[in-house]
Amino acid sequence: MANPLYDRLFGLHAGKDTPFLYLPDHSVMTHQGFLGRAAQIAHVLVQSGMTPGDRVAAQVEKSPEALALYAACAQAGLIFLPLNTAYTADELSYFIENSGASVVVCDGAKSDTLAPIAHKLGAKLETLNADGSGSLMSQAHEMPQAFATVDRDGEDLAAFLYTSGTTGRSKGAMLTQNNLLSNAETLAREWRFTADDVLLHALPIFHTHGLFVASNVTLVAGGSMIFLPKFDLDVVLARLPEATAMMGVPTFYTRLLGDARFTRELAAGMRLFVSGSAPLLAETHVQFEGRTGHRILERYGMTETNMNTSNPYEGERRAGTVGFPLPGVELKITNPETGDTLPDGEVGQIEVRGANVFKGYWQMPEKTAAELREDGFFITGDLGVIDADGYVQIVGRNKDLIISGGYNIYPKEIELVLDEGDGVLETAVIGVPHPDFGETVLGVVIPEPGQTPDLDALMEAVKAKLARFKHPRKLILMEELPRNTMGKVQKNILRDQFNDLFTS
Ligand code: MCA
Ligand code: AMP
C-alpha cells in the first residue's frame, strides 16, 4: 500500500537539503526542513485522537507551517479543510458544524471567538500564528521529525473546499487524492515545471489556486517557491527577479501594470506568468505583452474540478480565451435546458469530465445529483463556446455569481442578510465592473411602501455576518426591481444601468 498524494508531492523530497521555500526575511526552508515540520504536526494530530478520514479545519494566515499542516494531513490520511481568513465567526461556525471537523486550527487572535464555537461542536481548538507560534507548533516541536505515512487509496478523500451556492448555503466539495494529484501532474507537464523553477507565490493558500495549482505543481516538479504572505506590490516587484514563474488572479497583473517599476528588464528572468480564477481582460493580456514581451498563459478551473483548460505553453496563447481542455479532461458545450451537446461555435453551458472532477458535495446528495451527472460530467454553470481552432472562450455565467479579485461571491448570501433589514421589501445584489477587482458588489434595496431603510444599518448587518470581501461597495435605494413577464428579477438590466458606477 501507499499514499499516492503524500508520496508523489511530499515523500519524494525526503532527506533532500534542496531549497523549498524562500521566505520574506530571505531565509530558506529546505524540503527536508519542511517535511520534518509536517511529520511533527502529523504526530500532534494523531495523538489528539484523529484517525484517517477525520477533518481538520484551518483558518490560519499563510506561513510555511500552514502549508506543512496540509502536508501533515496528507501524511496522516486526514481531510484538510482550509478556510478563508476573512470568514466571520458566523461563517466558520457553519463550516465546522457541516464538516464535522474534529480539530480546528486558528490564529491566536481568533481563539477567544472560536473557542466557544469549537467547544459547542465538539472540536478541539489549536492555534497557529503567522510567525509559526501557537499551541500547534509548541506541541509539534516536541515530536519526532519522521512519521510513518498512513496508507491511502487514490480514491480516498484528501480535502474539502467549501464553495457557496445559488441558494446561499455553502457546499463542501469533496476532493480525492487522485483529483489533486492527476491535475498537479498534468499541469506540471503542460506548463513545463521542473526542479529548477522558482515560483513567486503571493496567492492565499486556502483556495484551489494557491494551494493546489501553485503549491502542488511546484511540489510535484520538485521546484521551490518564494512564499509571500500576500500580494504586496512592493515585495512582489522586489522578489520577481529571483523567480522563474508566477501564478495570479487578474488583479495581480493589473496592479503590476499600474506600476512603472514593472518593466521588461524586471521580468527578464521569468519564463511563465499564469492567470486564472477570473476573466483576464484581453486588453490586460495585450498590455502585458507590450510591457514585458511575455504572453500571460490563461487557464480555467473550479473548486470542484481543479483545472479544466489551459492555453498552450508552446503555441498561441490567445487573449480572451482559456485555451484547450487539458489532457485527460473532456469538455463539451451543452444546451442548458436539454443537456444536449451543441456544435462548436454555439454558446452553451460548459460541462467537464475527468480524473480531476470531485466526488460530490459532502452530505448533500441532491445538490451533487443536480450538478454532477451520472455519466461523470460536471455542470460548471459557466457559459462558453469553442472556436474554430478549438480554443474555449468563457462568455458568461449561467449562475448568479460575482468574482471580485478572484474571490467568489454568491449574491443570494448577501441578499438574505439585506432582506431581513427594517423597512426592506426586497433586494438584488449584482456584480459591476471594477478597475482593481474586475467586478465588485453593488446592492440594490427596495423599501417597503412608505419606509426608508437605514442603509448604514443594513451595511452593519452584512459586516456582522459576512466576510469583508463580500460586503457591497455601495447600497442604492430604488423604487422597484426590473422584472420580466414571468416575474423574474432581471439583473442584467440592473448591471447595464450601473455598469459605469466604479469605472468612470
Ligand atoms: C481584499 N479585499 C477585497 C478583496 N481582497 N474586497 C473584495 N474582493 C477581494 N478580492 C478587501 C480588503 O479586506 C480591504 O478591506 C479592501 O478590500 C482593499 O484591500 P486591498 O489591500 O486592496 O486588498 P489586498 O489585501 O491587496 O487583496 C486583494 C487581492 C486578494 C491581492 C486581489 O484579494 C487576493 O489575493 N485574491 C486572490 C484570490 C484567490 O486566490 N482566488 C482563487 C480562488 P478594507 O478596506 O476594509 O481593509 S480559487 C478559484 O477561483 C478557481 C478554482 C480558480 O480557477 O483558480
Ligand atoms: P471557484 O468556485 O472559486 O472555484 O471559481 C470557479 C469559477 O471561477 C468558474 O466557474 C469560473 O466562473 C471562474 N473562472 C476561473 N478561471 C477563469 C478564467 N480564466 N476566466 C473566467 N472565469 C474563470
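Order of listing sets the numbers, starting from 1, for every ligand and every atom in it.
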Contacts of type side-chain contact (heavy atoms from CB on, under 4.5 Å), residue Asn129, not counting sequence neighbours: Asp107, Asp131, Ser133
Please work out whether the ring planes of Phe437 and His434 are parallel, tilted or perpendicular, with thresholds of 30° and 60°. parallel
Between Thr244 (side chain) and Leu272 (backbone), is there a donor-acceptor pair under 3.5 Å? no
Using a 3.5 Å cut-off and no angle test, enumerate the donor-acceptor pairs between side-chain atoms of residues 385-393 and protein atoms at least two apart in sequence or in another chain.
unit_1: Asp387; atom_1: OD1; unit_2: Asp389; atom_2: N; d: 2.8
unit_1: Asp387; atom_1: OD1; unit_2: Gly390; atom_2: N; d: 3.0
unit_1: Asp387; atom_1: OD1; unit_2: Tyr391; atom_2: N; d: 3.0
unit_1: Asp387; atom_1: OD2; unit_2: Arg318; atom_2: NH1; d: 3.0
unit_1: Asp389; atom_1: OD2; unit_2: Arg318; atom_2: NH1; d: 3.0
unit_1: Asp389; atom_1: OD2; unit_2: Arg318; atom_2: NH2; d: 2.8
unit_1: Tyr391; atom_1: OH; unit_2: Glu316; atom_2: O; d: 2.6

What residue among Tyr6, Phe10, Phe206 forms ring pair (Phe, Tyr, Trp, His ring centres under 6.0 Å) with Tyr70? Phe10
Can a donor-acceptor pair be found, under 3.5 Å and without considering hydrogens, that links the side chain of Asn499 to the backbone of Asp496? no
What residues sit with at least one heavy atom under 4.0 Å from ligand 2? Ser277, Ala278, Pro279, Glu298, Arg299, Tyr300, Gly301, Met302, Thr303, Val322, Asp382, Ile394, Arg397, Lys399, Ile403, Asn408
Which heavy atom in Arg495 sits nearest to a heavy atom in Asp400, and how many Å separate them? NH1-OD1, 4.4 Å
Residue contacts for ligand 1, heavy atom to ligand atom, distance under 4.0 Å: Leu203, Pro204, His207, Thr208, His209, Lys230, Phe231, Val249, Thr251, Phe252, Arg255, Ser277, Arg299, Gly301, Met302, Thr303, Met307, Ser404, Gly405, Gly406, Tyr407, Phe437, Arg468, Phe469, Arg473
Arg317 side chain vs Pro312 backbone, donor-acceptor pair below 3.5 Å: yes
Charged N to carboxylate O under 4.0 angstrom, Asp197 versus Arg192? no
